[in-house]
Structures are given as structure tokens and as C-alpha cells.
Number of protein chains: 2
Amino acid sequence: MAKQMTEMLKGNLEGIVLAILSDRPAYGYEITSRLREMGFADIAEGTIYALLIRIEQKGLVDVVKTPSEKGPPRKVFSLNLQGQEYLKEFWTTWNFLADRLQQLHQGGR
Amino acid sequence: MAKQMTEMLKGNLEGIVLAILSDRPAYGYEITSRLREMGFADIAEGTIYALLIRIEQKGLVDVVKTPSEKGPPRKVFSLNLQGQEYLKEFWTTWNFLADRLQQLHQGGR
DNA sequence: ACCGCTACTAAGTGTTACTATGTAGCGGTA
DNA sequence: TACCGCTACATAGTAACACTTAGTAGCGGT
């Protein structure tokens, strides 16, 4: 993946995944595919699983293990109250940064 | 600083500084103050100096040492051709990410 | 019997921003 | 004169995050 994108995703990917989960619960493999559909073609599977473990340990999601028709059991993640709070803060931070950057981009040159 | 902001700045701060330099050349201490004026109140001075050394080593900026009226000599950084290219890529990457996130934010919940 | 897709796990790496601290020149003031 | 505050740069050590790579394992189809 482009190195710039890699670095830019840091701190944002977590919010992106939480936003996806706020739409509806999902499991790791599904989230990966949705990201690919969104255009994030090169996000590694391992990255998503590691991230999911992190947000689970932070207590932002609830987890339910459900059987799958075509493979090992799925770990379905859903955003809980704390996760919703966290996501709200994420958007606040994001908007702040996006505002500043838009200003810079327009003012620039 | 808010932890979310810290992580979100990763990969963006470099672009922000390059964008500032594309407006006009500047030295470290000046860049730090400008960032503070922009609202990035808690960006550490040391962070900026380290970042400037990085982009200098990457060859994105030219450096001229000039005497100061009120302190040690300043290292004035200016964006060179390669830096301009890099900044252009940065904006492309940023726009891609910002688009996706806006979609998520609007579609969300 | 094997391949491909689904699905999750885990160890080790590089990059980045942070904290904390140190050096040093200059002007003003008690 | 001695000190303080502002200007200005430098650096060692830390935490967090996404990456690469490799592995386990169930299921359906050929």
C-alpha cells in the first residue's frame, strides 16, 4: 500500500471500523470485505483482526460467537454504549482536523 | 493531548507542515507557533523538530541557516520540487480518505 | 484427495508523535 | 551584575498503530 495511506490510516482506521459497526453488527471477515468495497483495497486482514481485539479489550464492542455456514464460527462485534461515546469523540476530533486541513488546502498556493 | 488526536495526527502532521511551508518558507519555532494559532495547541516543540529533520533527510525541503535578532540562528526550511510532488500526493491521499469518511459519517446511523 | 473460499490468530517490524530534558543567545530589570 | 523570560534548536527513550508473514481450521466442489 502507499506509505502515505498507511500512516494516514493510523488513528482513523479504528474510527472507520467503529463507524461500520454503528451501522450494524459485523464480524472480522465481513468488515474486511466491506472495506475493500469502499476502496481500501490493500488493508491487510491481519490488521483488522488485531484492531478488533484492541477495541474489544477497550470495551467498545460486545462480542457474540455464532456458527457459520461456510467456515469456522464467526465473532460478531456490535458497538455498545461506550463504543458509541467513543465514536462520537472520534467524529469530533476528525471534524476538527478536517476543518484545519481544508483551510490549509484552500489557502495553499 | 487527547489520545485520539495524537493518533490521528500520525501521517497528517507531516503533510500539514509541508502545506505550511508551501505557503512560504519558515523555521521550526515559527511553524510551532503557527500550528498553535491554528488551534493545535498541544503539539510539542520537539515533535516539530524531529519531523523537520525527517523531511530534510527525505529531501523534501531545502535548508538555509540565517541569523536571528533574538536567539540562536534559525534553520529556515523551504519546500523544493520533490517536496511539492510529495505534498500533491499527500492531498490526493487525504482527499480519498476524507471522501470515504464523509460517506461513513453521513450514512452512519 | 485436493483446492479455494471462509474465518480467525499471533509473532515480529517500522513509522510516528509523545514526554522530558538539555543547550544556548538575547533583552530587560531589580 | 545576576537573573528571568523568550527565542531557537536538539535528542534519548516510550507508546500506539498498521504492516508483513505465517499459521490453524471448517466447508463445498471437482
Side-chain angles (χ1 to χ4, degrees), chain A residues 1-18 25-36 40-58 60-61 63-77 86 90 93 97, chain B residues 1-18 25-36 40-58 60-61 63-77 86 90 93 97:
Chain A
M1 166 155 39
K3 211 170 118 271
Q4 276 189 338
M5 182 59 90
T6 293
E7 291 308 319
M8 209 177 276
L9 278 176
K10 290 191 183 180
N12 291 128
L13 189 53
E14 188 174 290
I16 291 171
V17 169
L18 290 177
Y27 53 98
Y29 191 83
E30 182 188 3
I31 292 170
T32 307
S33 340
R34 278 218 238 166
L35 286 171
R36 296 204 196 292
F40 296 107
D42 319 299
I43 292 183
E45 239 189 294
T47 299
I48 299 303
Y49 287 111
L51 188 154
L52 287 171
I53 288 170
R54 275 206 301 279
I55 62 177
E56 183 186 352
Q57 280 172 353
K58 284 192 202 168
L60 306 178
V61 288
V63 187
V64 179
K65 210 159 218 169
T66 56
S68 159
E69 320 87 48
K70 343 190 203 167
R74 296 166 175 165
K75 278 178 73 178
V76 177
F77 296 82
Y86 190 90
F90 169 80
T93 310
L97 189 62
Chain B
M1 167 156 37
K3 213 173 116 267
Q4 276 189 338
M5 183 60 90
T6 292
E7 291 308 319
M8 209 177 277
L9 278 176
K10 291 191 182 179
N12 292 128
L13 188 54
E14 188 174 292
I16 290 171
V17 169
L18 290 176
Y27 52 98
Y29 191 83
E30 182 188 4
I31 292 170
T32 306
S33 341
R34 279 219 238 165
L35 286 172
R36 296 206 195 291
F40 295 107
D42 319 297
I43 292 182
E45 239 187 295
T47 299
I48 299 303
Y49 288 111
L51 188 154
L52 287 170
I53 288 171
R54 274 206 304 277
I55 63 178
E56 183 186 353
Q57 281 172 351
K58 283 192 200 167
L60 305 179
V61 288
V63 187
V64 179
K65 208 159 220 169
T66 57
S68 160
E69 320 88 45
K70 344 188 201 168
R74 298 167 174 164
K75 278 179 73 176
V76 177
F77 296 83
Y86 190 90
F90 169 79
T93 308
L97 190 61

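The basis for the numbers below is simple: all heavy atoms, side chains too, and nothing from hydrogens, waters or symmetry mates. Given the structure is predicted, the values throughout are model-derived calculations rather than measurements. We name chains A, B, ... by the order of the sequence lines, and we start the count at 1 in each one.
- As rounded to whole Å, 14 Å separates atom P of D:dT11 from atom CD of B:Glu45.
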Practice task
Kindly express the pairing pattern of DNA chain D in dot-bracket notation, using | wherever a base pairs with another strand and counting only Watson-Crick or G-U pairs under 3.5 Å.
Solution key: ||||||||||||||||||||||||||||||
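- Residue B:Asp42 holds its CG atom at 8.5 Å from OG1 of B:Thr6, rounded to the nearest 0.5 Å.
- One interatomic measurement links the two molecules: CG of B:Asn12 to P of D:dA16, which rounds to 20 Å at whole-angstrom precision.
- When each of C:dC8, D:dC9, D:dA18 is scored by its nearest atom to the side-chain atoms of A:Tyr29, the top-ranked nucleotide is C:dC8.
- Each of B:Pro73 and A:Ala50 has a nearest nucleotide on DNA chain D; the 5'-most of these lies closest to B:Pro73.
- Between the P atom of D:dC6 and the OH atom of B:Tyr27 lies a distance of 15 Å, rounded to the nearest Å.
- For B:Asp42 and C:dT19, the CG to P distance is 8 Å, given to the nearest whole Å.
- Within the structure, a side-chain polar atom (N or O) of B:Ser68 is placed less than 4.0 Å from OP1 or OP2 of D:dA8.
- Taking atom NZ of residue B:Lys70 and atom P of nucleotide D:dC9, one finds them 13 Å apart after rounding to whole Å.
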Exercise for the section: Carefully, step by step, assess B:Leu9 and B:Thr47 under the rule side chain to side chain contact (heavy atoms under 4.5 Å, CB included). Expected result: CA-CA 11 Å; B:Leu9 278 176; B:Thr47 299; over 6 Å; no
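- The residue A:Leu52 sits apart from the nucleic acid: no heavy atom pair falls under 4.0 Å.
- Within the 3.5 Å criterion, the main-chain N or O of A:Ile43 finds a donor-acceptor partner in the side chain of A:Arg36.
- Note on B:Glu30 versus B:Lys75: no salt bridge recorded, every NZ/NE/NH1/NH2 to OD/OE distance being 4.0 Å or above.
- Position along DNA chain D of the nearest nucleotide to B:Thr47 versus A:Glu69 favours B:Thr47 as the more 5'-ward residue.
- Each of A:Arg74 and A:Glu7 was matched to the nucleotide of DNA chain C holding its nearest heavy atom; the match closer to the 5' end belongs to A:Arg74.
- Dashed line: the shortest gap from a side-chain N or O of A:Tyr49 to OP1 or OP2 of C:dC8 is under 4.0 Å.
- B:Lys3 has its NZ atom 13 Å from the P atom of C:dT19, to the nearest Å.
- Along DNA chain C, the nucleotide closest to A:Ile53 and the one closest to A:Pro72 are compared, and the more 5′ of them pairs with A:Pro72.
- OP1 and OP2 of D:dC9 both lie 4.0 Å or more from every side-chain N or O belonging to B:Lys65.
- B:Glu14 has its CD atom 16 Å from the C1' atom of C:dC18, to the nearest Å.
- Going from atom CD1 of B:Ile48 over to atom CD1 of B:Ile53 covers 12.0 Å, rounded to the nearest 0.5 Å.
- Nucleic acid contact for A:Gly46: base, since at least one base atom lies under 4.0 Å from a heavy atom of the residue.
- Summarising the geometry, the separation between CD1 on A:Ile31 and C1' on C:dA7 is reported as 12 Å, rounded to the nearest angstrom.
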Exercise for the section: Test side chain to side chain contact (heavy atoms under 4.5 Å, CB included) on B:Leu18 and B:Phe90 and set out the steps. Expected result: CA-CA 9 Å; B:Leu18 290 176; B:Phe90 169 79; 6.0 Å; no
Exercise for the section: Output, in order, the C-alpha distance, side-chain angles, deciding distance and verdict of side chain to side chain contact (heavy atoms under 4.5 Å, CB included) for B:Phe40 and B:Ile16. Expected result: CA-CA 11 Å; B:Phe40 295 107; B:Ile16 290 171; 4.1 Å; yes
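- Contact of B:Lys10 with C:dT15 (side chain to base): no donor-acceptor pair of N or O atoms is detected under 3.5 Å.
- Residue A:Ile43 has its side chain nearest to D:dC19 when only C:dC8, C:dT19, D:dC19 are considered.
- Distances from the side chain of B:Leu9 to the nucleotides C:dC18, C:dT9, D:dC9 place C:dC18 closest.
- Counting only distance, with no hydrogens or angles, the side chain of A:Tyr49 and the backbone of A:Tyr29 share a donor-acceptor pair below 3.5 Å.
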